[in-house]
Amino acid sequence: MLTSEYLTCPDLFADTVVDWQKTDGRNALPWQQDPSPYRVMVSELMLQQTQVTTVIPYFQRWMQKLPDIHALAAADTDTVMALWQGLGYYARARNLHKAAKYIVFDLGEFPFELNDLLTIPGIGRYTAGAIRSFAYDAYGPIVDGNVRRLFCRLFGIEGVPTTSAVDKKLWALADALTPKQNNRRFAQALLDLGATVCKPKQADCLSCPLQTQCVAFNTGRVAELPTAKPKKMTPTKAGHFLWIEQGDKLLLQKRPDSGIWADLWSLPQVDETAESLLQAKLQGQFQHVFSHYKLDASVWHPVSGVSEPAGSSWYNKEQVLEIGLPAPIRSWIEKNWLKKS
DNA sequence: CAGTCGTGGCC
DNA sequence: TGGCCAAGACT
C-alpha cells in the first residue's frame with residue numbers, strides 16, 4: 001500500500017476512474033436526473049443498506065407525492081411512514097422527516113458545508129460526502145461498502161474493514177484521493193466500480209481500469225480481500241411457550257418493555273422449570289435465528305386449570321391479526337390456529 | 001465498541 | 001437453503 005502510484009499522484013487515480021465512469025458507469029438512475037440537494041438527500045437515505053433496484057420504485061413514488069423539501073417538511077408522519085412502508089430501517093424515514101423540518105424551519109436553506117450537513121439527523125460522514133459530491137459537485141469524500149471493498153483490494157489493506165483502525169485508513173485514503181473537481185462523476189465512479197466490477201464475489205478484474213495497479217489482483221488475493229470478519233458462533237437457547245385456548249379465544253401475554261420482542265404480544269413464555277410444564281403436552285416446535293443467538297422454541301399445551309400469567313389477555317381470531325406480534329409467533333399462530341378450521 | 005435496526009436478492 | 005450482503009447511522 002506504500003508503493004501505489006495513485007498515492008503519489010492522486011489525480012491519476014481520479015482521472016482514471018472518471019474516464020471509466022463516462023463510458024461504463026451508471027448514468028440513468030432516477031436521482032441522477034435533476035440532482036438537487038433534496039433529491040440527493042432522499043435517495044441517499046433510501047440507499048443506506050438498501051440495493052438500487054429496491055429503492056427505485058420507492059424513490060419515484062416519494063418524489064411524486066413529496067416533490068420538494070417544503071412538501072416533506074409540511075407532511076404528516078403517517079404520509080411519510082406510508083411512503084417508506086416496506087423499505088425497512090424505519091428510523092431513516094423519521095430522520096428524513098426531521099431533517100426536512102430542521103432545514104426548512106431552523107436553517108432556512110440547504111447546507112453546503114460538510115460540517116453543517118453532519119448536523120442533520122440521519123446524515124453521517126458517508127451521506128454528507130455523497131450530498132456534497134452528487135448535489136453540489138463539490139469535494140466530498142465517501143467511504144461506503146463499495147469504496148471499502150475497492151480500496152482494500154486496490155491497496156492491499158489487511159484487517160477487518162469495519163474495525164476503527166482500518167476505517168481510519170480508508171477515510172484517509174478517501175480524503176487524499178478525492179479530487180477538487182468532477183466530484184459528481186468521481187463519487188459515482190467509486191460506487192459503480194464497487195457495484196459492477198469490484199464485486200464481493202466474482203470480481204470482474206479483466207474489465208477493471210485499475211487492474212494494473214491493484215495489489216489484490218497482482219498478488220492473486222482478490223478473493224481474500226477485504227478480510228472477512230470472523231463469524232461469531234451464536235449460542236442456542238431454549239424457549240418454552242404456552243398454548244392456552246378457551247372457547248374461541250387464545251391467551252396472549254404482553255412482553256416486557258425491554259429485551260427481545262419488547263412491548264409485543266406473544267404466547268406466554270415460561271421457564272423450563274415452570275409448574276405449568278409438568279404435565280404439559282408438546283404441541284410443536286420451531287426455530288428462530290436472532291443476530292446474537294438461536295432460539296429453539298417449544299409450544300406446550302398445559303393441563304387445564306393453569307393460572308393465567310400476569311399481563312395476559314384473551315384474543316379471538318380477528319383480534320389477533322390487529323396486534324403487534326413477533327413474526328415467528330404470528331406465523332406459528334397463523335399456521336396452527338387461523339388456518340385450522 | 002458492539003448491538004440494533006428490515007427487507008430482498010443472490011449463490 | 002442459509003448465510004452473506006446492500007449508496008450507514010445511532011446508541
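Numbers restart at 1 for each chain; the letters A, B, ... are given by sequence-line order, proteins then strands. Just so it is clear, the values below take in all heavy atoms, side chains as well, and ignore hydrogens, waters and symmetry mates. None of these values were measured; they are calculated from a predicted model.
The salt bridge (charged side-chain N to carboxylate O under 4.0 Å, His left out) with A:D192 is formed by just one residue from the set A:R185, A:R26, A:K199; it is A:R26.
Residue A:R94 contributes atom CZ, which lies 11 Å from atom P of B:dC5 at whole-angstrom precision. One atom, CD of A:Q202, and another, C1' of B:dC11, lie 10 Å apart when rounded to the nearest Å. Here C:dC5 presents its P atom at 13 Å from CG of A:N146, a figure rounded to the nearest Å. Distance A:Y126 OH to C:dC10 C1': 18 Å, rounded to the nearest Å. In this structure, CG of A:L96 is placed 12 Å from P of C:dC10, rounded to the nearest angstrom. Atom CG in A:D144 sits about 10 Å away from atom P in C:dA9, given to the nearest Å. Between the P atom of B:dG6 and the CE atom of A:M46 lies a distance of 15 Å, rounded to the nearest Å. Per the geometry, NZ belonging to A:K229 stands 10 Å off P belonging to B:dG3, to the nearest Å.
The residues A:R125 and A:D175 are annotated as salt-bridged, a charged nitrogen and a carboxylate oxygen being separated by less than 4.0 angstrom. Look at A:R92 and A:E44 and you find no salt bridge, because none of the NZ, NE, NH1 or NH2 atoms lies under 4.0 Å from a carboxylate O.
Comparing A:L47 and A:K201 by the nucleotide of DNA chain C that holds the closest heavy atom to each, the one mapping nearer the 5' end is A:K201. Heavy-atom distances to DNA chain B give each of A:Y89 and A:A165 a nearest nucleotide, and the one nearer the 5′ end belongs to A:A165. Mapped onto DNA chain C by nearest heavy atom, A:P121 and A:V52 fall at different nucleotides, with A:V52 at the one closer to the 5' end.
When heavy atoms are screened at a 4.0 angstrom cut-off, A:I142 is found touching no nucleic acid atom at all. When heavy atoms are screened at a 4.0 angstrom cut-off, A:Q85 is found touching no nucleic acid atom at all. Looking at heavy-atom distances under 4.0 Å, A:W84 makes no contact with the nucleic acid at all. Nucleic acid contact class of A:G194 (heavy atoms, under 4.0 Å, all strands): none. Using a 4.0 Å heavy-atom distance criterion, A:R26 is classed as a base contact. Residue contacts for A:T163: at a heavy-atom cut-off of 4.0 Å it reaches no nucleic acid atom on any strand shown. Here A:L29 lies in heavy-atom contact (under 4.0 Å) with a base.
The side chain of A:Q188 has C:dA7 as its nearest neighbour among C:dC5, C:dA7, B:dC5. Here B:dT7 is the nucleotide among B:dT7, C:dG8, C:dC5 with the atom lying nearest to any side-chain atom of A:Y90. Between C:dA7, B:dG8, C:dC10, one nucleotide has an atom nearer to the side chain of A:E44 than all others, and that is C:dA7. Of all nucleotides listed (B:dC1, C:dG8, B:dG8), B:dC1 comes nearest to the side chain of A:S164. Side-chain proximity of A:P200 to the nucleotides C:dA7, C:dG8, C:dC5 is greatest for C:dC5.
Taking side-chain N and O atoms only, A:T127 has a distance below 4.0 Å to OP1 or OP2 of C:dA9. For C:dC10, the OP1/OP2 oxygens have no side-chain nitrogen or oxygen of A:R92 closer than 4.0 Å. For A:Q48, no side-chain nitrogen or oxygen approaches OP1 or OP2 of C:dG8 to under 4.0 Å.
A donor-acceptor contact under 3.5 Å links the side chain of A:T50 to the base of B:dG6.
By the 30° and 60° cut-offs, the orientation of the rings of A:F13 relative to A:F155 is tilted. The aromatic rings of A:W31 and A:F59 lie perpendicular to each other, with more than 60° between the two planes, well past the 30° mark.
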* To do: Check the pair A:E158 / A:R221 against salt bridge (charged side-chain N to carboxylate O under 4.0 Å, His left out), numbers first and verdict last.
  => CA-CA 11 Å; A:E158 307 284 350; A:R221 290 188 302 152; 2.4 Å; yes
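Rounding to the nearest 0.5 Å places OG of A:S4 at 10.0 Å from CZ of A:F151.
Annotation: B:dG3 and C:dA7 have their C1' atoms spaced 22 Å apart (nearest Å). C:dA9 and B:dG8 have their P atoms separated by 23 Å, given to the nearest Å.
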